[in-house]
Protein chains: 2
Amino acid sequence: MIKKQLIMEKALDLFAKQGFEATSVQQITEHCGISKGSFYLSFKSKDELILALIDHFMMQITSDIDYTVRNTNDDKKLLYEFYYTMFHTFHKHSDFAKILIKEQIQSFNEVLIERMHNYNQLNEKIILSMIERLYREEVELIKYDLIYCIKGFMSTYLQLFLFYNVPLDLELLSQSLVEKTNLLARHTTVPFISQELIEMINQPMTEEITKEQMLEIMDKKIEEIDESIEKESLFLLKQQLLEPTLSPAIVKGLLENIRNHPHCKWISYLLRRYYEF
Amino acid sequence: MIKKQLIMEKALDLFAKQGFEATSVQQITEHCGISKGSFYLSFKSKDELILALIDHFMMQITSDIDYTVRNTNDDKKLLYEFYYTMFHTFHKHSDFAKILIKEQIQSFNEVLIERMHNYNQLNEKIILSMIERLYREEVELIKYDLIYCIKGFMSTYLQLFLFYNVPLDLELLSQSLVEKTNLLARHTTVPFISQELIEMINQPMTEEITKEQMLEIMDKKIEEIDESIEKESLFLLKQQLLEPTLSPAIVKGLLENIRNHPHCKWISYLLRRYYEF
DNA sequence: TTGACAAATGACTCACTAGTCATTACTATA
DNA sequence: TATAGTAATGACTAGTGAGTCATTTGTCAA
């Protein structure tokens with residue numbers, strides 16, 4: 001167990017400096033003063049190591065932030081405490097944070113991408129709960145945009161103190177972001193990210209949607225919709241899905257018909273993926 | 001020449017899917033239907049290829065945005081046109097954009113990091129010029145924060161349409177960001193990023209500052225400052241730099257004295273790096 | 001001291017990569 | 001058609017990396 005921690009610590013060092021791909025197991029074991037074989041007694045593979053690191057730190061970071069949000073009773077202080085804790089915990093684990101930002105995950109294995117996706121959703125949930133508690137129905141239409149703005153603030157200002165090791169005043173930074181967040185929450189009138197868009201995004205990317213699921217959604221939407229063109233298009237597309245008879249050009253045209261209908265974005269997206277347009 | 005473009009195109013494909021490191025020259029040439037030797041007739045190395053790609057696209061993207069900002073005469077439309085062009089150009093080159101986000105550069109060779117740093121500064125300049133034109137002295141104190149917020153918006157919303165290939169309404173997105181930017185520009189009162197901080201950051205990271213340059217800065221600051229403690233601390237630190245006589249603890253204490261003085265952040269940062277505190 | 005078990009080692013395998021270069025295929029001119 | 005010059009090839013080199021496993025070292029109870 002101790003060995004495992006040693007390896008994780010030293011590997012973190014090297015990953016933060018050189019990146020994951022560029023660091024060999026050899027280097028890690030040398031840096032630990034152990035043999036290569038020994039490494040494989042603690043971890044089945046290099047991938048298992050990075051997974052352990054990500055789990056270890058993401059759990060800490062996530063729970064730090066979650067704890068703060070749950071245990072700050074004073075609503076007036078909530079946003080400030082959130083930002084402060086977030087920056088503070090990332091600062092505490094800055095080597096890990098560097099890895100997180102450098103390796104945009106993406107190119108790793110499936111398991112890892114899935115895992116990061118989950119942590120991401122978890123964090124979004126925490127932010128959402130905070131927003132809903134602070135602003136109530138006032139932000140109903142713009143709450144998802146607010147999440148994205150907060151995440152935007154986090155990422156740009158994080159870069160600042162991770163990659164230029166400049167001394168920063170976290171208190172001032174948090175204060176400044178509190179003001180910005182309040183401004184956006186109270187005065188934004190043009191929402192961009194709708195409930196539907198969020199559903200599209202949070203759909204697990206890997207999993208394929210089945211034809212049956214699509215048919216189900218289409219049935220529901222056909223009932224919901226009043227506009228005749230869209231309704232008929234949707235109906236024809238449903239027929240096409242059950243029994244392909246129409247030419248690609250027609251299918252594409254029908255898809256175009258429903259593309260901009262607010263209730264059809266999700267299904268038109270699925271269909272486009274299905275037909276590989 | 002044609003060959004070069006073919007390679008760049010196909011490589012872009014693979015890099016966007018798998019990442020730069022994970023894509024071998026072999027794979028690229030297979031994807032092009034040419035031999036390995038042929039690759040090396042067009043590019044001296046794999047690094048030269050990624051450099052060519054980055055230059056090719058960054059120049060296009062940067063000049064697209066710059067053109068729009070320079071040629072939009074109507075101030076009322078400027079912000080909108082900026083966002084729209086930015087998203088539009090990144091969308092047009094979405095494979096490249098993916099690479100840009102995935103490979104956080106960082107772990108590449110020196111030349112590339114330097115190059116990206118330059119494009120980054122160029123883009124910040126464009127944004128700054130836009131902000132100054134739109135809001136004049138109204139934003140003097142918060143203009144750098146505004147740049148960072150705009151960059152934050154850009155990066156989060158870019159992620160949205162790069163990694164979930166969801167159909168997005170760029171016009172609405174741009175409108176929505178215009179509103180947010182205006183809100184922040186007109187009502188923010190708590191600045192975080194000062195002129196001095198920006199100078200710290202834009203300092204080329206690779207180049208080492210010489211003792212002489214530090215002495216020069218210190219002389220200037222000693223004259224500027226009125227507060228006696230800070231002034232004396234700075235004076236002692238200057239003596240120490242010329243002729244080390246004080247113990248590390250004392251030096252650290254003196255540094256602590258000047259750390260929070262608004263005029264001394266930069267020099268205290270340099271000194272801390274110099275003494276490796 | 002011995003024997004049994006666990007922990008640790010590092011030489012080794014196998015797969016893969018960037019980059020080279022002698023050879024071959026192609027092209028255009030005389 | 002012959003020839004010179006260019007473009008393209010792919011087997012090859014030299015190197016690296018992840019992961020394995022026969023062997024050695026350490027530990028502790030009898």
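Letters A, B, ... mirror the listed sequences (proteins, then strands); counts begin at 1.
A straight line from CD of Glu30(B) to P of dT17(C) spans 10 Å, rounded to a whole angstrom. When the P atom of dG19(D) is taken as reference, atom CD1 of Ile28(A) falls 11 Å away, rounded to whole Å. Rounded to an integer number of Å, the gap from CD of Gln18(A) to P of dG17(D) is 10 Å. To the nearest angstrom, C1' of dA7(D) lies 13 Å from CD1 of Ile7(B). Put simply, CD on Gln27(A) is 17 Å from C1' on dG19(D), counting in whole angstrom units. Taking atom CD on Gln26(B) and atom C1' on dT13(D), their separation rounds to 14 Å, with Å as the unit. Leu41(A) has its CG atom 14 Å from the C1' atom of dT25(D), to the nearest Å. As a whole-Å value, the separation of Lys3(B) NZ from dT9(D) C1' is 10 Å.
When the ring-ring contact (aromatic ring centres under 6.0 Å, His included) test is applied to Phe87(B), the partners found at least two apart in sequence or on another chain are Phe161(B). With sequence neighbours left out, Phe43(A) forms a ring-ring contact (aromatic ring centres under 6.0 Å, His included) with Phe39(A). Shown here are the salt bridge (charged side-chain N to carboxylate O under 4.0 Å, His left out) partners of Lys36(B), two or more places apart in sequence or in another chain: there are none. For Ser38(B), the side-chain contact (heavy atoms from CB on, under 4.5 Å) partners are Lys3(B), Ile34(B), Ser35(B), not counting sequence neighbours. Remark: His56(A) pairs with no residue by the ring-ring contact (aromatic ring centres under 6.0 Å, His included) rule, at least two apart or across chains.
Annotation: proximity of residues 8-15 of chain B to DNA chain D (heavy atom, distance under 4.0 Å) is found for no residue.
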For nucleotides 19-23 of chain C, which of its nitrogen or oxygen atoms have a protein nitrogen or oxygen under 3.5 Å away, and what is each distance?
{"from": "dG19(C)", "atom 1": "OP2", "to": "Tyr40(B)", "atom 2": "OH", "distance (Å)": "3.2"}
{"from": "dG19(C)", "atom 1": "OP2", "to": "Lys46(B)", "atom 2": "N", "distance (Å)": "3.0"}
{"from": "dG19(C)", "atom 1": "N7", "to": "Lys36(B)", "atom 2": "NZ", "distance (Å)": "2.9"}
{"from": "dG19(C)", "atom 1": "O6", "to": "Lys36(B)", "atom 2": "NZ", "distance (Å)": "2.8"}

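Counted within 6.0 Å of CD on Glu30(A), heavy atoms from surrounding residues, nucleotides or ligands total more than 12; the atom is thus considered enclosed.
Within the 4.0 angstrom heavy-atom criterion, no nucleotide atom of any strand lies near Ser42(B).
Applying the salt bridge (Lys or Arg N to Asp or Glu O under 4.0 Å) test to pairs two or more places apart or on separate chains, none has a residue in residues 154-167 of chain B. Residues in residues 55-64 of chain B take part in these salt bridge (Lys or Arg N to Asp or Glu O under 4.0 Å) pairs, two or more places apart or across chains: Asp55(B)-Arg115(B), Asp64(B)-Lys92(B).
When the side-chain nitrogen and oxygen atoms of Ser35(B) are compared with OP1 and OP2 of dA8(D), none of them lie within a distance under 4.0 Å.
In the set dA7(C), dT9(D), dA18(D), dA18(D) carries the atom at the smallest distance from any side-chain atom of Ser24(A).
Under the 30°/60° scheme for interplanar angles, the aromatic rings of Phe153(B) and Phe153(A) are found to be tilted.
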